[in-house]
Amino acid sequence: MTQPKHVPREWKEMLDTETISRCISRMSYEILEQEGDISRLAIVGIKTGGEVLGKRIQQRIQQIEGTLVPFGVIDITLYRDDIGVSETYPTIKDTDLPFRVTGSRIILVDDVLYTGRTIRAALDAIMDFGRPQTVELAVLVDRGHRELPIRPDFVGKNVPTSKSDMVRLRVSEMGYQDAVYLVHRGGDR
Amino acid sequence: MRAHLLGIEGMRVEDIHTLLTNAMTMHEVSERVIKKVPTLRGRTVINLFMEPSTRTRTSFELAGKRLSADVVNISESASSTKKGESLLDTAITLASMSPDILVVRHQASGAPHLLARYLSSTCVVNAGDGTHEHPSQALLDCLTLMRHFGEIPTGKTVAIVGDVAHSRVARSNILALSLLGNKVRLVGPPTLVPSDLAHPRCFGNRVTVHHSLGEGLKGADVVMCLRLQRERMTRFFIPSLEEYARHYGVSEKVLRIHAPEAVVLHPGPMNRGVEIDSDVADGERSLVTLQVQSGLAMRMAILVTLAAIRGAGTSESSEGGAI
């Protein structure tokens, strides 16, 4: 086992490994409690943080219920409302929804909920694949500052932040120790 | 600063990697029931084609439409060039319509570069200029090889056979393939493949010149046949088509002897029986159909990637990182 990679020292830890794991467990139970019948349940992670967390929720649900619910990923680059602001060539990642979207009950998963624009884009992307019966939103961190009428159905942790801050998720899948960090960028604090 | 795609020359290897990666994901859009994404909604793409073209124009048009852009096609016969308008006047006219992306094919080498200088708020994409470059073709050829080999082509031996001297496809491919770390051989008669092409000042030390077909093909992983461009041959470069076909025509028989494992590319349109035989073009080793499919994906990737650069298009620049 190699040592986990380090994050910059000025990053402040908001959620540690233990807390993230508990949040995922609790959210998985909440999803199951809310849904009841999980035969049409599907989990969709938003690249790239939501993919990792969605996968973990899928595994946790399997541990609890013994059922592996379908899992998909979406990349929202093609659905952004602010194309034309990139400094370099952006990389567009894969979208893969390997289940029948029409009629499914989708749990959309992302790591951090902020302005709500990513979720708006993700909803548009899902609708291009079919007409799900419901879409619900699960996020690990809700940091506020919404710019669109979007609210999460399942939240790991509500964290008050300043608009100039950044919130970063680092996970073992990327070679780090699981944690969520608050990164100050100075400015209007 | 606007992002343009004027040629492979000057591109960084990272940029080519990004375009190839993005094009791979664009395939997925074409496999959906709804083959359209809203990325370029409200943006205008003008296809200015001053030379005949079927596949390049069609695939740029379809690429723009699949990305929800408004696409306008201007062809040579429909343009005011027929009435004597100069390229610069055309550029000024187009500039007043402020297209977000201008795709240009022109018989004069450097025409897209000139347009790029005069169009301040437009991304210019070179879709083939004279005998200079055809970057989207080279990129789609790399994408075709990437799909065939399962990875970005590198360390391969590629034989480019035929009319290299007149070929913008060859020039762009030589640059792109060598930048990705492949060995490039140029094969053809001295009139069409001058030995000077192997001079270090031409393409560095990345290419070798072969005047014998068998020698050039020996052990090649990829054979790229070029179209014999009769419309550009104003002088006597070859004695006759028959003699050319006999010495440099790529047939299944020749490939079995010299390059049995090779896959074959052709940018089209093909002169069957001249530079390529039908048994190769329609055979197992032909990647021609895959090339056409890759063309659409690559052109979508080019349009999206250029439009995503800051300052591209006419949208007011919003605060970065809002998403």
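Each chain gets a letter, A, B and so on, in the order its sequence line appears, and its residues count up from 1. We use all heavy atoms of the structure for the numbers below, so side chains are in, but hydrogens, waters and symmetry mates are not.
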Enquirer: Considering heavy atoms only, which positions within residues 126-145 of chain A lie below 4.5 Å of chain B?
Expert: D128(A), F129(A)

Enquirer: If you count the non-hydrogen atoms of other residues, nucleotides and ligands that lie under 6.0 Å from CD in E9(B), is the total more than 12?
Expert: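 Atom CD in E9(B) is not packed in, count stays at 12 or less.
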
Enquirer: Working to the nearest 0.5 angstrom, can you tell me the gap between Y89(A) OH and R12(B) CZ?
Expert: 8.5 Å

Enquirer: Considering residues, nucleotides and ligands other than K35(B), do more than 12 of their heavy atoms fall under 6.0 Å from its NZ?
Expert: yes

Enquirer: Of the backbone (N, CA, C, O) and the side chain (C-beta and beyond), which part of T305(B) lies under 4.5 Å from a heavy atom of chain A, both, or neither?
Expert: both

Enquirer: CD of Q63(A): more than 12 outside heavy atoms within 6.0 angstrom?
Expert: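 Enclosed: over 12 neighbouring heavy atoms sit under 6.0 Å from CD of Q63(A).
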
Enquirer: Specify the closest pair of heavy atoms between T39(B) and L78(A), including all atoms of both residues, with the distance to one decimal.
Expert: OG1-O, 2.6 Å

Enquirer: Please find the pair of heavy atoms, one from M26(B) and one from I92(A), that lie closest to each other, and give the distance.
Expert: CE-CD1, 3.4 Å

Enquirer: Decide yes or no on side-chain contact (heavy atoms from CB on, under 4.5 Å) for T95(A) and R32(B), but give the supporting numbers first.
Expert: CA-CA 11 Å; T95(A) 292; R32(B) 297 182 189 177; 4.2 Å; yes

Enquirer: Is Y176(A) atom OH crowded by more than 12 heavy atoms from other residues, nucleotides or ligands, each under 6.0 Å away?
Expert: yes

Enquirer: Any idea which of V29(B), T18(B), V304(B) has the most non-hydrogen atom pairs under 4.5 angstrom with chain A?
Expert: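 Of V29(B), T18(B), V304(B), T18(B) has the most heavy-atom pairs under 4.5 Å with chain A.
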
Enquirer: Can you tell me if NZ on K156(B) sees more than 12 non-hydrogen neighbours from other groups inside 6.0 Å?
Expert: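 Enclosed.
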
Enquirer: Would the distance check show the side chain of N22(B) and the main-chain N or O of P90(A) forming a donor-acceptor pair, the cut-off being under 3.5 Å?
Expert: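 Judged by distance alone, yes, a pair lies under 3.5 Å.
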
Enquirer: About how many Å separate CG of L20(B) and OG1 of T91(A), when rounded to the nearest 0.5 Å?
Expert: 11.5 Å

Enquirer: Can you tell me if K183(B) has over 12 outside heavy atoms packed within less than 6.0 Å of its NZ?
Expert: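 Open.
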
Enquirer: So with a 6.0 Å cut-off around CZ of R41(B), is the heavy-atom count from everything else above 12?
Expert: no

Enquirer: Between L67(B), V37(B), I34(B), who has the most heavy-atom pairs with chain A when the cutoff is under 4.5 Å?
Expert: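 The answer is V37(B).
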
Enquirer: Given heavy-atom pairs under 4.5 angstrom as the criterion, report whether the side chain, backbone, both or neither of V33(B) touches chain A.
Expert: neither

